[in-house]
Amino acid sequence: MTDNPYRLPRHVTPSRYEISLTPDLEHHTFVGSTIIAIDVHEATSTVILNAAELAISSATFSNDAGASVSAHIVTDEETERLTLTTSATLAQGRWNLDLEFAGILNDELRGFYRASFTDVDGNEQTIATTQFEATDARRAFPCWDEPDLKAVFSISLTVPSDLLAVSNGAEAGRHDNGDGTTTVQFADTMIMSTYIVAFVVGPLEATDPIDVDGVPFRVIAPIGKGYLTDFASEAGVFCLRWLSNYYGIPYPGDKVDFIAVPDFAFGAMENLGAIIYRETALLLDRDTTSLAEQRRVVDVIAHELAHMWFGDLVTMRWWEGIWLNEAFASLMEMKTTEAMHPDWERWMAFAADPGAERSDALTIDALAESRSVEFPVASPDEANEMFDALTYGKGSAVLRMIEQFLGGDHFRLGVADYLRTHSYGNTVTNDLWAALDRASGMPVGDIMNTWILQPGHPLIDVNIDGNRVHLSQRRMLLQADETDTSLWSVPMQIKASIDGEVVTQKFLLESDSAIVEFPGPVDWVLGNGGGHGFYRVNYPDRELHALMGDIESLEPLERLTLLDDVRATVVAGQNHAAAYLELCDHYRNETQQAVWQLLLGGLKEIKDIISNEQLPGFEKRVRSIVAKRASEVGWEPIDGETDLNNLLRGDLIRAMGNLGNDPETVAMARPFAEQLLDDPASVDPVVGQASLFVLAAHGTDKDFVRLREAYDDAPTPQLRQRYLQALCSFDDERFVKQVFDWTFDETIRGQDAAWVVARMLSNRESGPEVWKMVRSGWNDILAAYPQVTVRHLFDGLPSLSYPEVAADVEAFFAETEVRSAKTLAQMLEILRVHVALRQRESGRIGDALPV
Ligand SMILES: [Zn+2]
């Protein structure tokens, strides 16, 4: 620990901070002071804590005995440390450290920073807000900025009297200073980590507090947007109650505020009692949003509230344990959303949705550049890079796998025991395994260590041999490596058809191979029964065809994972793309939205690697798979159908219009898209949105101009986001250039710039042109985009699989040093995998396409 320049020595530790801050929203600065109660464990004349981008003007130590010692101040911006050297030795015991400092409200979306918005009267307004995780509290006040150095925080803010100020604790007092400012004092927090401290000041409006079993709960929005808070209020009440009940422990803070902020680098942040959200994750108008947009809000609310216990009350000792925080909150997010809206089928979405969920996590984890879920972290950069698909997606998937294996009750008992045992403290991963061992009587740690402490997951080969099924495991890699001999302890559920009767057998595969016996001849076997296992299954031709013949016997989640497994083996070169297309033919009657979503994602991946000559045949093949279901579902919502069926309607419209390039669909989409642009409430949100994306992919100059106007005037965060997504879906180089330029001015917010470019890089037609812009504009990107967001741009690279473009990408990054090197390495590896896939398939996929 001591040889790491980013870790603090422990001879002095804090127990309480009294922090006073005065932000100047007009000049983007702040001044502050803090009195930190510290314990000096060994007499010393050197005290080291964290500070970054702060001008520290004075530092004085004092104690109850009347001693007062001033300190020499040295700051090191590289290690973000503040070293205080005293002329006299500080004796062992309790001291107070008084510090005065000043800083800037930056526009980097981290530390104490500024966000802005235009109010209904057209005035530019500023909000001062915070984002401290992982290591940016030190940009707002000097502190011991490590998660296990917990303390009590007493915060006071001096602000213009007409602004609202919010922090972790409830407001405990206020004083009118008589000069147009008011000092607001907040109640002491519980003992907690620096990274969940928060404060927000600005022209904000709050809902009346709702009493949720004794906890006052409000939703706070930029002024003028209060009418978009109803949905979040309702979801917040449900989630807070449901989670308290699940954990069996009362909410640990004294109130809950949800605060929507217009510039935010992440989805949301779990600051105790003051949860900050990006607007699209909190503010919503029911009438113009789709199920997917509503589900996102409930998900994020549930996730952040789950952290109030798991993360805030009990915290990882150091950042290598962040996986447990995030994986667990993601698991609880799905359980809570499922409880609130069983009809949304959250576990299906988990398996199919892009982003940091199951399928993408399996892809990243099948790279040589994967990492173990629990991974050593030294520097702040490395800590920030931990917030990825492995931490969230793989982490929550393997927790779900073990929950299914132990049973929900045992799992819940173990979790409650863990939280009670370690309240206000810090933990390592083994503490959770120990609690689950106690609750279940199973060797949970032994099983889970194979999933958490080594990278990768297994590919399980299944072979039918009469009454028996042979299983063998090897590491799943998108680029095969015969020398890798990793093994996993795999809690499997094996489903088989025996003489037409379907049976399921639980089996713990602990060695490289095993044989499972069944009571009769096996017709077909499914290696991931239930669909919750975090592994891939490889089916030889005969076994795959046997399954194809009886697809209807599988559960929806099983049909989904089967498709995804075959898709993955194609990408890994273990199977032909033609096999995936053939499997898709058997899904023509599929009714489940998530299954279609995943199926279409697989087709898009194939579309990205075929040649222009093959494209018409491919589009025809897509239409032959999709057309039947698309015409059944139609264009208008049907009375009595589920919301998911409507969501499917949107997927199929886009699939026919864009993936299948069907002229009739393209023509049909236009009036719906125009209706959406004219009056969003007049068209079904799903049909309108899908039509808009079809229009954009076939759009004209006039459409582009019209969309830009709609984007500027969008009345809700979701509509604004949709219009922006549509603006980056145009193929034409001129439009792409315009959107790229907008990422450097006020048109596109810093929080969105990197994903917008990633989305344009993923476009089959314009991607290579966008790459040229990125390449030549790289220094501008680094200067203009918030640094913490730049890595999201790398997500677009895997689509650039034209060999000459890919070579250029590789060459550029070979000589360009970047932050988030791990993310980049992963995306470049997927790019290489796609180039190889293109080369393999170029000569053979044509046979599978109609002429
Ligand atoms: Zn989280």
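Each ligand, and each atom within it, is numbered from 1 in the order the structure gives.
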Please report the C-alpha distance between Arg296 and Thr280 in whole Å, then the side-chain angles of each, then the deciding distance to 0.1 Å, and finally whether the side chain to side chain contact (heavy atoms under 4.5 Å, CB included) criterion is met. CA-CA 8 Å; Arg296 159 134 166 105; Thr280 46; 4.2 Å; yes
Main chain of Asp795, side chain of Trp755: is a donor-acceptor contact present, judged purely on distance under 3.5 Å?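 No, because the side chain of Trp755 does not come within donor-acceptor range (under 3.5 Å) of the backbone of Asp795.
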Please confirm whether the backbone N or O of Tyr785 pairs with a side-chain atom of Thr789, one donor and one acceptor, at under 3.5 Å?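 Such a contact is absent between Thr789 side chain and Tyr785 backbone.
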Of the N, O or S atoms in Glu326, the one nearest the Zn ion (ligand 1): OE1
Between His303 atom NE2 and His307 atom NE2, the angle centred on the Zn ion (ligand 1) rounds (to 10°) to 100°
Can you tell me if Glu270 has an N, O or S atom under 2.8 Å away from the Zn ion (ligand 1)? no
So, for Tyr535 and His457, is the gap between ring centers shorter than 6.0 Å?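 Judged by ring-centre distance (under 6.0 Å), Tyr535 and His457 do not meet the cut-off.
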